[in-house]
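Just so it is clear: chains get the letters A, B, ... in the order the sequence lines come, proteins before strands, and each one is counted from 1.
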There are 2 protein chains.
Amino acid sequence: MMDGKIRRNHRVGWTMDIEARPPQTTQQYVLSQVRRAILTGKLAPGAPIRQDTLAEQLGVSRVPIREALKILEGEGQVTYRPRRGYVVAELALEDFLEVYRLRRILEEEAIRQTLGRITDEDVTRLEEAHAEVVRSSRIHDITAMAAANRLFHFTLFEAAGMPRLLRFLNILWDATDVYRSRYYSEESNRDRVDQEHLGIIEAVRARDADELVRRLNEHRDGTVATLREFITERQI
Amino acid sequence: MMDGKIRRNHRVGWTMDIEARPPQTTQQYVLSQVRRAILTGKLAPGAPIRQDTLAEQLGVSRVPIREALKILEGEGQVTYRPRRGYVVAELALEDFLEVYRLRRILEEEAIRQTLGRITDEDVTRLEEAHAEVVRSSRIHDITAMAAANRLFHFTLFEAAGMPRLLRFLNILWDATDVYRSRYYSEESNRDRVDQEHLGIIEAVRARDADELVRRLNEHRDGTVATLREFITERQI
DNA sequence: AAAATTTATTTTGGATCCAATATTAAGTCT
DNA sequence: AGACTTAATATTGGATCCAAAATAAATTTT
């Protein structure tokens with residue numbers, strides 16, 4: 001085992017793309033980095049998370065690592081067994097379907113609440129998010145598209161003004177982030193998303209709740225059908 | 001500030017009632033104690049949580065405290081602001097209503113799933129839980145009744161076999177634990193609960209999903225109506 | 001050689017120490 | 001006195017150190 005001194009290298013030169021100014025606290029920095037590592041597959045599902053290794057890689061001590069891992073545990077992104085440590089959570093087909101089933105219910109609730117109180121500003125932000133989705137879709141920037149897509153949907157969810165519901169939805173979306181990115185890597189899927197978003201915006205503009213719910217369900221079911229295959233083939 | 005050595009007194013003589021054998025790790029111990037403190041009102045909503053003080057009281061260092069608080073933050077039991085520390089979460093009327101609204105939706109989903117796969121053993125456990133509710137209700141043991149009541153409902157939720165849904169429900173129940181205990185301190189409320197549980201069991205036995213959902217909603221709405229007043233008077 | 005046992009190594013959990021920020025108190029100026 | 005500035009204190013965040021448990025490797029036993 002190594003035990004050289006910590007260099008806190010993330011304050012100086014760090015090569016990764018986003019993460020412009022480092023977060024307020026180190027744990028937040030660690031949290032975002034571990035999130036990214038899981039998302040990009042650097043930390044693969046089922047892989048144990050060695051605190052020492054991670055600490056060394058990020059140039060921090062183990063303390064902020066542990067606190068960040070506790071948060072991820074709460075979100076179900078990692079699983080924890082006392083004295084055994086943390087493991088990147090695996091998503092069986094069953095779990096995947098549960099996530100989408102819960103999303104269907106909770107998103108309908110959020111959406112209906114939103115439609116009753118949505119402002120023109122919200123609609124504008126929705127359209128802007130959509131524009132960004134299209135833009136990043138065109139240039140094949142999967143990461144940007146995933147982020148923009150999330151912003152698109154959460155613009156609607158946030159407007160509901162239900163913090164716990166929002167938190168649950170975030171957790172559910174996080175759980176399948178990896179797979180969603182895969183979905184966007186197919187051009188046909190990207191085009192489909194763009195198209196469906198248009199229909200969603202239309203329903204929002206018309207303040208037609210039932211139609212909106214219908215379109216969102218359709219939108220969601222489309223991804224589920226495709227992603228199902230990714231999951232099952234991973235299982236083999 | 002004091003800084004005497006830690007005595008780890010929770011291994012030896014600790015006066016509190018439950019918590020027979022101490023949990024595997026200190027953070028688990030801390031977690032359960034802080035939970036209890038919030039539940040009993042020792043840590044009142046809005047009150048800042050001083051890590052040093054808490055550490056001294058529990059006879060541990062601040063490290064497990066911090067990890068436990070991170071979990072509670074994830075559950076929304078405490079709020080956190082970097083460099084400012086943790087505060088016991090306050091539940092405004094709005095939040096309270098959100099919790100029950102989400103419970104209504106999620107519990108219906110859990111229940112319907114459960115009814116399709118429930119075993120006779122589950123029903124037996126449900127009846128046992130009910131018996132325990134009645135027993136503790138009779139002897140005016142509010143804490144025991146709250147625990148038994150929770151077991152009663154979660155026997156149904158667990159049988160659904162949906163881990164994320166179960167976790168969400170736990171979070172929602174935790175958020176209003178304090179108020180539910182108050183509800184049970186009224187004898188008439190306790191009797192009402194016992195009665196309604198009988199109806200619920202009946203619907204489960206008959207495998208009548210719609211009837212079960214209806215009864216559960218009624219059951220829930222009853223508490224909401226009463227608890228609403230507790231909340232509003234606290235707000236003043 | 002395979003199983004069981006012992007020893008060595010790794011890894012986690014917790015305690016203590018130190019630095020940085022936030023909060024409070026004291027002092028200064030108008 | 002009230003507002004502003006500066007010093008003192010309290011509190012959090014992070015690093016390091018140590019003990020206990022788990023895992024891996026080596027040894028012994030059958």
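Distance OH (B:Tyr29) to P (C:dA15): 11 Å, rounded to an integer number of Å. Whole-Å rounding puts the B:Leu31 CG to C:dG14 C1' distance at 16 Å. Following rounding to the nearest Å, B:Leu58 (CG) and C:dA15 (C1') show an atom-to-atom distance of 15 Å. Protein atom CG of A:Leu54 is 15 Å distant from nucleotide atom C1' of D:dG14, rounded to whole Å. Protein atom CD of A:Glu56 is 15 Å distant from nucleotide atom C1' of D:dA15, rounded to whole Å. As a whole-Å value, the separation of A:Tyr80 OH from C:dG13 P is 4 Å. Rounded to an integer number of Å, the gap from CG of B:Asp52 to C1' of D:dT12 is 9 Å. At whole-Å resolution of the value, CD in B:Glu67 and P in C:dG14 are 7 Å apart.
With hydrogens and angles ignored, a donor-acceptor pair closer than 3.5 Å exists between the side chain of A:Arg66 and the base of C:dG14. The base of C:dG13 sits with one of its N or O atoms less than 3.5 Å from a complementary donor or acceptor on the side chain of A:Arg62.
Taken to the nearest 0.5 Å, the CZ atom of B:Arg103 stands 6.5 Å off from the CZ atom of B:Phe157.
For A:Pro64, taking side-chain heavy atoms from C-beta onward, the closest of the listed nucleotides D:dG13, D:dA15, C:dT16 is D:dA15. Across D:dT16, D:dT11, D:dG13, the shortest atom-to-atom separation from the side chain of B:Arg83 is found for D:dG13. In the set D:dG13, D:dA15, C:dA22, C:dA22 carries the atom at the smallest distance from any side-chain atom of B:Arg84. Counting only heavy atoms from C-beta on, A:Gln51 has its side chain closest to C:dT12 among D:dT11, C:dT12, D:dG14.
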| Intermediate values then yes/no, side-chain contact (heavy atoms from CB on, under 4.5 Å), A:Gln77 and A:Val34 | CA-CA 10 Å; A:Gln77 294 270 71; A:Val34 178; over 6 Å; no
| request: Determine, stepwise, if the pair B:Asp52 / B:Arg50 fulfils side-chain contact (heavy atoms from CB on, under 4.5 Å). | output: CA-CA 6 Å; B:Asp52 257 328; B:Arg50 293 289 155 242; 5.5 Å; no
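Aromatic ring centres of B:Tyr86 and B:Tyr80 lie closer together than 6.0 Å.
When each of A:Arg81 and B:Gly85 is assigned the nucleotide of DNA chain D with its nearest heavy atom, B:Gly85 is the one assigned upstream, toward the 5' end.
For C:dG14, one of the phosphate oxygens OP1 or OP2 lies less than 4.0 angstrom from a side-chain nitrogen or oxygen of B:Thr26. Taking side-chain N and O atoms only, B:Ser61 has no distance below 4.0 Å to OP1 or OP2 of C:dG14.
A salt bridge is absent between A:Arg66 and A:Glu73: the closest approach of a Lys/Arg side-chain nitrogen to an acidic carboxylate oxygen does not fall below 4.0 angstrom.
Contacts of B:Ile65 with the nucleic acid, taken as non-hydrogen atoms under 4.0 Å apart, are absent.
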